[in-house]
Each structure stands twice: as structure tokens, then as C-alpha cells.
Amino acid sequence: MRTLPNQHSAPPTVVLGVAASDSHAVANHLIAHSLRGLGYHVINLGTCTTVEEFAEACEQYPHAEAVVIGSLNGHVHEDLRGLDQAKRSGRITCPVVVGGNLSVGSHKDASAHDRLYAAGVDHILADAAELPRLLDRLRLEGRGARLTDLAAS
Amino acid sequence: MRTLPNQHSAPPTVVLGVAASDSHAVANHLIAHSLRGLGYHVINLGTCTTVEEFAEACEQYPHAEAVVIGSLNGHVHEDLRGLDQAKRSGRITCPVVVGGNLSVGSHKDASAHDRLYAAGVDHILADAAELPRLLDRLRLEGRGARLTDLAAS
Amino acid sequence: MSVTSVPSAGARSATVPLACSTSLPTPSQSAAYIASLGKPTAAEILQDCKDRGRVALQPRCGVGGHEEMKRLLATLEEEARPDLLTLTIDSHTRLKRFGEARRTLHLRPADLNGYPLVAHGWQRGRELNELIDAPLEIRHGSPDARLLFDVSVASGITSFEGGGISYNLPYSKAVPLAESLTAWQDVDRACGELAEHGVIVDRELFGTLTAVLVPPSISLAISVLEAVLATRAGVRCVSVAYPQGGHLVQDVAALRSIPVLAERYLPAGVKVHAVLHEFMGVFPRERGNAEDLILYGALAARLGGASKLITKTYQEAYGIPDTAANVAGLRLADRANSPLLDFVTVDDGRVTEEQRWILDEVADLVEPLLQRPDLIEAVVEAFAEGRLDIPFSASRSARSDIIPRRDATGAIRYRTVGALPFAPARLRRNEELLHAVDGPGEPGIDTLMAGLTGDIDYFRRLFRESEPHTGAHAPGRSRTAAAATPTAPGESRN
Amino acid sequence: MSVTSVPSAGARSATVPLACSTSLPTPSQSAAYIASLGKPTAAEILQDCKDRGRVALQPRCGVGGHEEMKRLLATLEEEARPDLLTLTIDSHTRLKRFGEARRTLHLRPADLNGYPLVAHGWQRGRELNELIDAPLEIRHGSPDARLLFDVSVASGITSFEGGGISYNLPYSKAVPLAESLTAWQDVDRACGELAEHGVIVDRELFGTLTAVLVPPSISLAISVLEAVLATRAGVRCVSVAYPQGGHLVQDVAALRSIPVLAERYLPAGVKVHAVLHEFMGVFPRERGNAEDLILYGALAARLGGASKLITKTYQEAYGIPDTAANVAGLRLADRANSPLLDFVTVDDGRVTEEQRWILDEVADLVEPLLQRPDLIEAVVEAFAEGRLDIPFSASRSARSDIIPRRDATGAIRYRTVGALPFAPARLRRNEELLHAVDGPGEPGIDTLMAGLTGDIDYFRRLFRESEPHTGAHAPGRSRTAAAATPTAPGESRN
Ligand code: B12
Ligand code: B12
């Protein structure tokens with residue numbers, strides 16, 4: 001099994017949940033399990049989680065590396081209303097990752113993704129299996145960013 | 001069983017056949033059988049019968065009350081080319097009745113019938129079961145016409 | 001009695017514009033309206049189909065906009081003539097997020113995953129109802145559906161899905177079970193009152209639950225409990241829905257158990273219908289494979305003697321289907337009603353054997369609870385203690401300690417029973433049947449997760465859709481080449 | 001050798017513009033072209049499907065215009081991925097009315113009931129062939145197909161339907177059997193020559209004959225005779241087509257007889273494929289009923305072990321189908337290839353019993369002829385004397401003395417055997433089986449005609465389409481109400 005590079009330090013934390021109007025639980029259960037298997041500390045807020053709840057969790061776990069939100073029912077756009085505001089007001093500072101089924105209907109186009117980026121989402125994934133690689137990348141970039149911060153200070 | 005009104009006189013004659021490019025035989029067999037059952041003398045030319053063959057039969061049986069042509073394969077328009085000519089030249093004098101499936105394709109409209117009337121067909125039937133009634137009517141009309149002829153002479 | 005007029009509903013209905021709830025017709029007015037419609041009720045259609053040995057067909061269907069909804073219903077009726085039609089409600093409305101439903105409706109109706117009936121109002125509901133010949137059912141997923149129910153009845157709609165357990169655990173995170181059970185008791189009582197006005201509402205129970213790998217005895221046990229609660233509250237017509245799991249013998253056995261359970265646990269005189277949901281888990285993505293599964297489900301419904309089948313479409317894996325796909329799904333399912341298929345049978349010996357186990361497991365689960373004076377309290381306690389449980393719960397009110405797995409033949413068994421009070425014989429059988437899959441004892445977490453994922457993706461694997469580099473985009477010839485042998489996916493076995 | 005270059009063809013080809021026949025490539029050029037195409041031959045696809053247990057699917061399809069034909073083939077391939085595709089040839093061309101074909105093509109191509117390949121020419125044939133992945137077959141109905149065959153081979157087409165009996169009797173009135181048999185011997189010899197150039201042409205025999213109530217032993221006997229003639233002339237791959245009669249056990253028995261007959265009467269080393277034509281008689285008119293029959297046919301093909309199925313569409317009763325209906329027919333038939341349907345079986349005991357009788361009847365018909373030194377002569381004589389016969393012949397070369405009827409279970413039997421040389425046991429069985437239908441002895445002509453018409457309309461009656469004032473225009477709910485009991489139509493029984 002893939003494991004995290006630095007198992008000796010405190011396990012990295014992610015905030016996980018499913019969008020506010022969405023009760024699809026299966027992928028959420030499986031993602032939580034598999035991230036835990038990889039050594040993550042997973043704060044799983046479960047299904048039907050509002051932006052407010054995500055923001056509160058971020059405040060409670062300031063070292064969280066990412067907020068990871070699933071949505072399958074097509075309502076992600078309405079459900080993430082306020083995300084932008086939560087980021088701008090500094091309540092959510094880490095990257096926001098979204099995945100699942102991101103619009104209503106069987107014929108998908110890119111506009112759903114554009115709308116999500118505009119609403120404050122940082123990364124969109126098609127498959128939960130891509131999540132670990134993205135989190136690794138974010139950690140590297142984050143460390144890089146922090147180093148830059150240090151150098152600049 | 002329906003029978004003809006005047007069984008004592010010579011049985012009425014009809015010329016029957018299927019259009020020139022058409023080999024569908026089942027309806028033709030059944031129509032021949034049932035007209036014979038009703039007392040008709042049926043000259044059944046069978047499948048793949050050209051206008052020329054119909055005209056020859058009419059010449060051979062001048063008392064034929066009708067030429068009855070079936071067509072199922074959709075080719076009736078091309079197959080009856082020359083019918084008009086055969087009528088105008090007096091080789092076919094009795095009414096021409098056509099029935100079956102009178103155009104190519106599953107979506108039918110009235111134009112197929114218009115074209116057939118224009119090509120010299122006198123009567124079009126949807127179902128072979130309507131044939132006896134039509135033949136009765138034609139006989140009455142025909143007798144009417146002959147009486148008129150007599151009165152005029 | 002209108003549910004929303006009962007005192008306990010006061011706090012809740014504050015979130016709704018008053019105009020809407022106050023203008024609702026009374027139950028007797030609605031009953032008169034329903035009688036005046038001159039169309040059969042859902043209960044009548046179901047009974048008629050049951051008597052004729054036809055599986056009634058019903059699609060899922062719901063779009064946000066009213067005109068779009070009218071077009072959808074009219075087209076489905078015209079092109080596929082389903083026996084019953086549906087208003088599928090959007091998920092904001094289900095969770096009483098009426099404001100969000102209304103906002104999305106006004107800004108981008110196509111963004112809604114269902115028809116927000118409460119936002120549209122009962123007059124529009126009537127308009128839909130009058131547009132079509134088939135009776136309508138409201139399909140939703142509301143832990144507390146009281147307002148929605150009142151609007152539905154006012155719309156003249158005679159079938160209403162849900163239950164205090166089955167529309168809570170799969171559909172919300174934090175609504176306490178006691179609350180949803182009480183809210184649904186109100187709905188059921190309202191059905192009782194309507195019956196006194198001459199209108200029998202078909203109350204369908206959502207035994208499908210979380211839909212993915214739900215063991216039949218869990219589904220049926222929860223339906224039995226909801227059915228007992230419903231009939232005690234006055235409901236006269238109950239449809240028990242069961243989700244196709246994908247193992248023919250098991251699915252047929254589960255469906256055939258429904259009349260037996262009704263006989264055993266429900267008062268005489270209540271009409272009970274078995275309903276099958278075409279496969280409710282992860283659907284194959286290629287059209288042909290999805291259609292194979294749709295036909296298979298419809299045949300299971302026929303063989304199981306279901307009164308009704310809720311259909312899926314070949315677009316299931318992608319999103320809410322378009323109208324054409326919905327029509328195609330109905331038409332395909334209707335083939336299973338063919339008079340030419342009487343020769344298609346199932347191994348009745350195996351079905352009877354499986355059915356015996358299902359009935360025993362259900363008895364283990366429900367009988368201790370049915371003896372309790374307060375059934376709602378008993379159910380709440382049982383979930384808290386894990387004596388009732390469901391896999392993959394969306395709600396905190398169920399533990400999800402039970403872990404389902406498929407056995408070597410593809411039937412759904414219990415890998416872990418948690419605190420379910422099964423008799424030792426039942427436990428032994430489950431263990432034996434799963435022995436062949438993972439070997440003896442508890443598998444490691446990795447093996448378990450891999451196996452579970454394989455079981456969830458069962459049909460995609462069976463059709464070889466999920467193999468790396470296999471033609472998910474090469475339908476027809478190539479896929480069937482791969483899928484010629486219909487064995488369970490070897491990878492997840494040993 | 002090119003068929004059209006043999007001297008005997010001279011008289012005939014006078015009706016064709018010389019330019020066309022003289023510019024044909026030689027067989028070895030065509031063989032080289034076929035090799036260069038890099039697509040599988042029909043024979044290869046059939047063998048592949050047979051090995052995999054898949055029933056290969058093939059639509060009928062042919063329209064007059066070239067661009068329209070391209071669109072038709074491309075759309076069918078894109079949307080339904082049939083294993084094989086067809087050029088159905090128009091009936092003028094079939095009867096060598098090339099002038100009429102050409103005139104209609106120029107004036108109103110949509111008036112043609114097929115693709116006039118000879119009028120279009122082999123270069124266009126190649127264009128069609130190169131457009132699609134699936135191999136093409138020429139399906140026609142030409143008593144004398146020599147020119148058409150040459151144009152087909154020049155087009156690189158590797159499958160060619162027909163036979164000296166089966167493409168004469170149902171398809172023309174006055175072509176003597178000796179003539180058509182000789183013409184087809186030329187075609188078969190040309191196949192032998194192509195085999196020497198490395199190209200195996202699949203030669204499909206049209207056992208469907210007049211399609212309506214054809215007794216299985218007549219269909220199979222004629223195919224055996226044609227197959228013997230074909231293989232003697234050099235053909236290496238034979239497809240034996242049999243028309244679904246509508247009685248599952250009988251149809252499966254007939255299909256399973258084909259390999260037995262091949263083993264018995266054909267040289268080793270020849271590849272033989274069983275092919276089923278979805279029901280070839282009077283089709284139900286309502287879409288759902290037609291689709292029930294289509295699925296039933298496809299299941300018969302699967303259960304009978306057919307290598308290939310020729311599909312029909314829900315528009316069959318109305319006319320040549322549009323592309324969408326053709327696609328829908330293919331998709332529906334493909335469901336019978338589902339890996340989920342292994343549980344669908346047929347009563348093997350009854351099949352074996354039926355098969356034994358079929359094989360015995362075929363033996364009665366063909367064995368006396370196969371012993372004769374000149375098989376063509378023997379066949380011509382047998383038809384003249386009624387020792388071979390078909391019902392409802394289009395041609396004067398068959399007597400049509402035999403009268404088929406359905407027995408009480410719907411299977412096709414002989415009411416009248418004419419001069420067929422059946423052993424007494426066979427005659428007794430036929431009599432007994434029909435006894436239940438019409439009572440003992442010969443029925444009166446009225447009874448016979450009424451019964452026959454009922455048998456021809458069997459499926460329309462089974463679906464209650466042909467009852468007076470019954471909803472031919474009310475599909476869905478109402479029709480199924482009527483058709484819930486799949487019994488044979490009572491009216492035509494006693
Ligand atoms: C099971 C199921 C249900 C169950 C859910 C039970 C439960 N509580 O979990 C029930 C029956 C209750 C249900 C209800 C509904 N469902 Co549902 N459901 C499904 C179904 C069949 C399978 C989903 C599933 O569990 N898959 C298993 C998991 C492992 O796979 P997954 O969820 O697809 O996840 C994968 C990816 O999406 C992605 N992913 C998922 N989450 C995340 C998160 C992140 C961060 C990342 C990176 C990736 C990621 O990675 C995963 C692995 O590849 C799908 C259709 C299908 N796929 O076949 C429909 C489906 C998702 N449901 C759908 C809908 C609409 C609903 C409803 C709203 C009802 C309705 N209007 O029709 C309600 C939900 C109510 C609500 N409030 O949300 C639609 C979504 C439509 C759309 N977007 O256009 C689907 C596609 C069905 C359809 N075709 O209409 N559903
Ligand atoms: C059996 C059959 C065949 C058999 C015929 C055997 C034979 N020699 O008789 C075979 C397999 C050989 C065959 C061949 C072809 N067939 Co064909 N065949 C049929 C089928 C299935 C049934 C016809 C039948 O026998 N019906 C039984 C009789 C009793 O009913 P009926 O013919 O419909 O007749 C009724 C009415 O039409 C009417 N009627 C018929 N004739 C007459 C005559 C008169 C005077 C009157 C008043 C009424 C009347 O009354 C009858 C009783 O109600 C039909 C489709 C269907 N209906 O299901 C296709 C069909 C007629 N065939 C069709 C075609 C095109 C052909 C072919 C040209 C091949 C091709 N291109 O696809 C070839 C014919 C070649 C040729 N040279 O003509 C098409 C016609 C298409 C169109 N018009 O658009 C049909 C509709 C199939 C289809 N959907 O494509 N066919």
C-alpha cells in the first residue's frame with residue numbers, strides 16, 4: 001500500500017464531506033477508509049454538509065491540508081454557494097478539492113467545471129482514486145509555498 | 001358463406017395477379033381461393049405479372065369484370081407503367097383494382113394513391129376482405145352502364 | 001386532517017411562505033377533487049396489474065421547470081405508456097431547503113435534480129396530474145415529508161413513497177430517527193383519514209435504502225417495521241419496494257417473501273404489493289451492458305411476481321436521463337411482460353431454499369421489536385444499539401457496522417453482522433458462504449476494501465468494463481467478446 | 001472464372017450495358033482487393049462468433065440511392081455495431097429487370113425497395129465496403145444471380161445469399177428450376193475458384209423460402225440439397241438459414257438439427273453455420289408486440305446455437321424500416337446475447353424429441369434424391385412430381401399441394417402432405433397432432449381457409465391485435481391486458 005512519505009511526523013489532516021443537499025454516502029465511506037489506510041487523519045463530516053460546517057471544521061483544524069468535497073446529485077453549484085465568501089473571509093485557507101458528478105443530466109460539458117472554479121473550488125477530480133496523488137502534490141506545493149514565505153520573511 | 005346473387009348464369013370472371021417485380025404469393029393464393037369460394041371464375045396469373053400479361057388475359061377473357069392486382073413490395077408504380085396506355089388502347093376495358101402495400105417505406109401518405117389513380121388504376125383497397133363488396137358494386141354499376149348503353153342504342 | 005395543520009408541524013412550516021400552506025384545500029376537498037378526476041388511483045392500477053399478472057412499469061422522472069415537467073410527463077406517456085408516472089422531487093425540497101429549491105428554480109431550473117413541487121405549489125401539481133392518464137406517485141427522500149405530502153394530496157396524487165426509517169437513513173445526516181418516524185406517522189395518519197374520505201393512498205416503502213449491497217433481510221425487515229407502523233396509523237395499501245441486488249435467485253426469493261411477510265406481520269385486509277427497483281447500485285456505463293441489466297431486472301420482477309417495477313435507463317451511470325433514454329428503458333423493461341416468455345423460469349428449489357433463510361433472518365430482526373408496546377421507541381433503540389443497521393448509512397442514526405459482501409455466486413451476504421441479533425444458524429451460513437470468497441476468518445482491511453469495491457462494481461466487472469485499457473468506448477462486438485462468460489469477476493474472488 | 005464470362009450467360013447479359021460487365025476485375029484481382037481491405041471476411045466473423053457462443057447480428061438494409069445507402073450503413077454501424085451488414089437488393093435487379101431498376105434509380109431512387117447494385121456498379125460497391133468495418137452480405141432473391149454475383153465479388157463482398165431452389169420458388173413465377181439450379185451452380189463454382197485464390201465466400205442458403213408457415217423439414221431438406229450442390233461445386237462455407245416459425249421448441253430443434261444434417265450429408269471440412277431469421281411471417285403491428293416477437297426470436301437463436309441472426313424491426317408490418325427502427329431492432333436482439341441470461345433454458349427433452357422427427361422427415365425427403373447420379377435432375381423431377389414441395393409457391397415450378405397448419409401448441413405441421421414421400425410413422429404423427437385442431441379427417445374448405453388464415457395471423461391473434469374493435473391503436477396498458485394469457489388463438493382451434 002502507498003503510504004505517506006513522512007510517517008514519523010503528525011499525520012496530515014484532511015476535511016472530508018459531501019455537499020449540503022447530497023446524501024450519497026458510499027463514495028464518502030470508501031474515500032475516508034482509503035485515506036485513513038494511507039495514514040491520513042480524516043475529519044469526515046459525512047453527507048449533507050453545508051459550507052458553514054466545512055468552514056467551522058477548517059477553523060477547528062487549521063493544519064488541514066485540504067477540504068475534500070464530494071457531490072453526486074448534481075446540486076454542487078447551489079450547495080457550494082458561500083464557499084467563495086468563506087475563502088475570502090479567511091475561514092477556509094487550504095485548497096478545496098471537489099469530485100463526483102458535477103452537474104444535472106447525462107450530457108456533460110466543461111461549463112460545470114468553469115462555474116465551480118469561479119465559485120472558489122481549486123481542484124476538480126473525476127475519480128476518487130486520483131485523490132492521494134493530488135494531495136501529495138498539494139503538500140509539496142504547500143511546503144514550497146511555506147518555504148517561500150520563510151525566505152520572504 | 002356469401003355467394004353471388006345470380007348463380008344460375010355463367011360465373012363472373014376476374015383476372016387476378018401480382019405486379020411485375022413482385023413475388024409475394026400468400027395473399028394471392030388466399031384471394032384466389034376465397035373468390036373461387038364465392039363462385040368467381042378466377043384467372044390467376046400469379047406473381048410477377050407484367051401489364052402486358054394482364055392485357056393479354058383481358059383480351060382472352062373479354063367478359064372479365066375486373067383486373068385485380070396485388071402489390072406488396074412497394075414497386076407498384078414502376079410495375080404498372082404502361083397500364084394507362086393499355087387502357088387507352090382498349091386492351092384493358094374493365095376496372096382495375098389494386099391492393100396491398102403500395103409504396104416503399106414504413107411511413108405512408110396519400111401520394112402513392114394519387115400516383116396510382118393517375119397511372120390508370122380505378123380502385124384501391126387496403127384489405128383483400130373488401131374485395132367481394134367492391135366487385136358486387138362494380139357489377140351493379142356495370143349492369144347499370146350496359147342498360148344505359150342499350151337505352152341509348 | 002392535513003398534516004401541516006397539526007400543531008407539531010408549526011416550527012417546521014415557519015420556513016415556508018404562509019400563503020402556500022394556508023391555501024391548501026382540506027382533505028375532504030382533495031378527496032372530492034380526486035374523485036372528480038375520473039382516473040384510476042395508483043392502488044387500483046397496482047391491483048389490476050397484480051390480478052392480470054402484469055408487472056406495472058413506472059419510470060423515475062423529475063425536472064425543475066414546470067413546462068419541462070409537463071413535456072417530460074406527456075412524452076413519457078405518449079411514447080411508452082407506463083402504468084404509473086412519477087414526480088421525482090429535487091434534493092433541496094427533500095431536505096426542506098425550500099429556499100434553495102426556489103432560488104435554483106428561478107435562476108437555473110435545469111440545475112435541479114427533480115421537480116420542486118412545494119415551490120411550484122399544488123395548483124401546478126393538479127395541472128400535471130390532469131395532463132396525463134396514468135396516476136402519479138411522489139418519489140423523494142424526505143426525512144420529514146409532511147408539507148410535501150399535503151401539497152401532493154392537494155394535487156390529487158394518490159401514491160406517496162417513503163417511511164420514517166427508509167427516507168431518513170439514506171437521505172440525511174442529522175435528522176434523529178425519532179423525529180422522522182413521528183413525522184411519517186403523521187403522514188400515515190393522514191392517509192388513514194383520506195381513506196375515510198374514500199381515497200386509498202398507495203404508501204410505498206423505500207426498502208432500497210442505501211441501494212448498494214443491501215442484504216435482502218435488512219431491506220425487508222425495515223419494510224416490515226415501516227409497514228406495521230403505517231398500517232397501525234391507518235394506511236390501507238402498502239407497496240414494499242426491494243432493490244434488485246443482481247443475483248436472480250436471491251432477488252426472486254426476496255420478492256416472493258413479501259406476500260409471506262405481509263401475511264405474517266400485517267393486518268388482514270391491507271393490500272400489499274411487491275415492487276422491484278431495477279438495479280440500484282453502480283450501473284454499467286456502456287449502453288448495451290446497461291440494457292442487459294435492465295432486462296435482467298425486469299425478468300426478475302416478472303419471476304418474483306412483483307406488482308410493479310421502477311425502471312432505470314442506459315444513462316444511469318452518467319446522470320439524470322434524458323426523455324428518450326427514459327422511454328427506451330420503459331420499452332425494454334416491458335419486454336419482460338411479454339406473453340411469449342412463459343418458458344422463462346427460475347430454479348424454484350433454490351428460490352425456496354433462499355427464501356427460507358431470508359424469512360428466518362427477517363424474523364430474527366423484527367420479532368423482538370414487534371413485541372414492544374412502543375414500536376417507534378423500539379426501532380430507535382435498536383438502531384442505536386446496532387440491532388438494526390444498514391450499510392453505508394448517510395445518517396448518523398445508523399452505525400453501519402454491518403459489512404455486506406457478495407458470495408461466490410454473486411448473492412449478497414453479511415461479512416460482518418455487527419450487533420444484528422441473528423440466530424447461530426444464520427451466522428454459520430453467512431460465514432460458510434463467504435468462506436469461499438475471502439478464506440476463513442476476518443480478512444485484512446486491504447483485502448476487505450478491495451473485495452468490497454469489487455462487489456460494488458460487480459456488473460461493471462462482469463461486463464469487463466472496469467479492466468484497465470478495456471474498451472469502455474468500444475461497444476458492440478468487442479465488449480461482448482470479453483463478456484461472453486458470465487462468471488463473477490475473478491479478481492475479487494480468490 | 002467470372003460467372004458472367006461463361007458462354008451460357010451470353011443470352012442473359014445482352015440486357016445489360018456491355019461496359020459494365022466487361023470492366024469487371026478478374027477473380028484474382030478481386031481476391032487481391034479483398035485481401036488488401038484488411039477487414040475480416042463474413043466467414044471469419046461467423047466462425048469467431050460461433051467459437052465465442054455469440055449470435056452474430058445482421059440487419060436487412062437496402063435503399064435505392066448511393067448516398068442514402070452510405071448513410072444507412074454508416075449509421076447502422078455507428079449506432080448498433082452489427083457483426084455483419086447487408087446490401088439488400090431491389091426486386092427489379094433480382095429479376096434482371098435492370099432497365100426498370102436503372103430508370104427508377106434515376107427518377108425516384110426512394111421508390112426502390114433495395115440497392116440496385118448492378119445499376120450502381122462495382123466501384124460503388126467497393127465504396128460501400130470500404131466505408132464500414134463489418135463484412136457485407138448480398139441478400140436478394142435472384143433466380144439467376146450470376147451478374148450480381150460478379151459485381152458483388154468485384155466489390156469485395158464476401159457473403160452471398162441464395163440457391164437454385166430457395167431463390168427461385170419464392171421469388172419468381174416462370175423461371176424453370178433447371179435454369180436457376182444451373183445458374184447457381186455457376187455461382188458456386190465461382191466460389192470454389194475464389195477459394196483457390198484464398199477467399200472463402202460465405203454462401204448462405206435461403207431456407208426461409210416462402211416464409212409463411214414453412215414446415216421445418218421442408219426448409220431443412222431444401223437447404224441440405226442446395227448445400228450438397230454447393231459443396232460439390234466447390235463452396236467451403238455454408239450458412240443454413242431457417243425461418244423462426246414461432247414455436248420455441250420446434251425452432252430450437254430445427255436450429256440444432258443443422259449441425260447434425262451437416263455431419264450427415266456434407267463433406268467434412270466444410271464450415272457450416274446455423275442462421276435464424278427472426279419471424280418471417282405476418283408481423284404484429286403494435287410496436288410492443290413486434291418487439292416481444294423480436295426478442296423471442298433472438299432468444300430462440302441463442303438457445304438453438306445459431307451462429308447468426310437476421311433481425312427484423314418493429315416496422316416490419318408497415319414497410320421497409322427507417323434507420324432508427326433498424327437500429328432499435330438490432331439493439332433489442334442483442335439483449336439475447338446477454339451474459340446475464342444463462343439461466344434461460346428450454347426443455348431439452350422436448351427439443352430432442354422434436355429434433356428426432358425433423359431429422360427423420362428430412363431423411364425421407366432428401367435421401368432418395370441424394371442417391372441419384374444427377375442431383376439437379378433429381379430435384380427438378382421431385383418438384384414436378386410433388387415429392388418436393390413448398391407452401392404458397394410464387395413459382396409454377398412447385399405444386400404447393402402441401403398445406404401447413406399449426407397444431408394446438410402452435411408448432412407447424414402438415415395438414416396435407418401432397419406427394420411428399422413421408423414414412424407412415426411421420427404421417428401418423430402429423431395427423432394426430434392436427435387432430436386436436438380440426439377434428440379427424442379432412443376439414444372442409446371453409447374450415448381449412450379460416451384455420452389457415454388464423455395460423456398465418458398467429459402472432460397478431462396471440463396479441464389480440466386482429467380482434468374486431470380491439471385497440472390496434474391503443475398500445476401499452478390496454479393491449480397487454482388482452483394479451484396476458486399467451487395461449488394460441490382459440491378461434492382457429494376447436
Ligand atoms: C446508490 C445511489 C443512490 C443511493 C445513495 C445511497 C446513499 N445514501 O449513499 C440512493 C438510492 C439513496 C440515491 C439517491 C439519490 N440519487 Co443516486 N445514485 C446512486 C448510484 C446508483 C450509485 C452511487 C454510488 O454509490 N456509487 C458508488 C461510488 C463508489 O461511486 P461514485 O459515487 O460514482 O463515486 C465515484 C466518482 O463519482 C468519484 N467521486 C465520488 N465522490 C467523490 C468525491 C471526491 C472528492 C472525488 C475526488 C471523487 C469522487 O469517485 C468515485 C470512485 O470512482 C448512482 C448512479 C450510478 N453511478 O450508477 C446514482 C446517482 C448518483 N444518483 C442520482 C440522483 C439524482 C439521486 C437523487 C437526487 C434522486 C434523484 N433526483 O434522482 C437522490 C439523492 C438525494 C439527495 N439528497 O442527494 C444521480 C445523479 C444525477 C446527476 N448528477 O445528473 C445518479 C447519477 C443516478 C442518475 N443517473 O440519475 N442514489
Ligand atoms: C412473407 C413475406 C415475404 C416472403 C414472400 C414469400 C412469397 N413468395 O409469398 C419473402 C421472404 C420471399 C419476401 C420477400 C420479399 N419481401 Co416480403 N414480406 C413478407 C411479409 C413478412 C408477409 C407477407 C405475407 O405473406 N402476408 C400474408 C398476407 C395474407 O397478407 P398481406 O400480404 O399483407 O395481404 C393483405 C393486405 O396487404 C392486402 N392485400 C394484399 N394483396 C392484395 C391484393 C389486392 C387486390 C387487395 C385488394 C388487397 C391485397 O390484403 C391482405 C389481407 O389483409 C411482409 C411483412 C408483414 N406483413 O409482416 C413482408 C413485406 C411485404 N416484404 C417486403 C419486401 C420489400 C420484400 C422484398 C422486396 C425484399 C426486400 N427488399 O426487403 C422481397 C420480395 C422480392 C420480390 N421480387 O418481390 C416489404 C414491403 C416493403 C414496402 N412496401 O415498403 C414487407 C412489408 C416487409 C418489410 N417491412 O420490409 N417477403
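We name chains A, B, ... by the order of the sequence lines, and we start the count at 1 in each one.
- Between chain C and the residues Arg115(A), His107(A), His33(A), the most heavy-atom pairs under 4.5 angstrom are made by Arg115(A).
- A donor-acceptor pair is defined here as one N or O able to donate and one able to accept, closer than 3.5 Å; such a pair exists between the side chain of Ser106(A) and the backbone of Gly319(C).
- Ranking Asp322(C), Leu112(C), Thr104(C) against chain A, the residue ahead of the rest is Leu112(C), based on heavy-atom pairs under 4.5 Å.
- One side chain, Thr49(A) or Lys173(C), offers a donor N or O that lies under 3.5 Å from an acceptor on the other.
- Rounding to the nearest 0.5 angstrom, the gap separating the CZ atom in Phe392(C) from the NE2 atom in His24(A) is 13.5 Å.
- In this structure, the side chains of Val26(A) and Val282(C) stay at 4.5 Å or more apart for every pair of heavy atoms.
- Using a 4.5 Å cut-off between heavy atoms, Thr313(C) does not touch chain A at all.
- When each of Glu316(C), Arg396(C), Arg108(C), Met449(C) is checked for heavy-atom pairs under 4.5 Å with chain A, Arg108(C) comes out on top.
- Residues Ala394(C) and Ala25(A) come closest through the heavy atom pair CA-CB, 3.8 Å.
- Contact of the Cys48(A) side chain with the Leu95(C) side chain is registered, since non-hydrogen atoms from C-beta on lie closer than 4.5 Å.
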| Is there a side-chain contact (heavy atoms from CB on, under 4.5 Å) between Ile456(C) and Leu30(A) once you walk through the steps? | CA-CA 11 Å; Ile456(C) 292 173; Leu30(A) 297 179; 3.8 Å; yes
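- Using a 4.0 Å cut-off between charged nitrogen and carboxylate oxygen, Arg97(C) and Asp79(A) count as a salt-bridge pair.
- Neither the backbone nor the side chain of Ala112(A) comes within less than 4.5 Å of any heavy atom of chain C.
- In terms of modelled atom types and a separation under 3.5 Å, the side chain of Ser21(A) and the main chain of Ser91(C) share no donor-acceptor contact.
- In this structure, the side chain of Asn113(C) engages the main chain of Asn73(A) through a donor-acceptor pair within 3.5 Å.
- Within the structure, every pair that satisfies the ring-ring contact (aromatic ring centres under 6.0 Å, His included) test and touches residues 70-93 of chain A, not counting sequence neighbours, is listed here: His75(A)-His92(C).
- Counting only distance, with no hydrogens or angles, the side chain of Asn101(A) and the backbone of Tyr318(C) share a donor-acceptor pair below 3.5 Å.
- Here the CD atom belonging to Glu78(A) is positioned 11.5 Å from the CG atom belonging to Leu105(C), to the nearest 0.5 angstrom.
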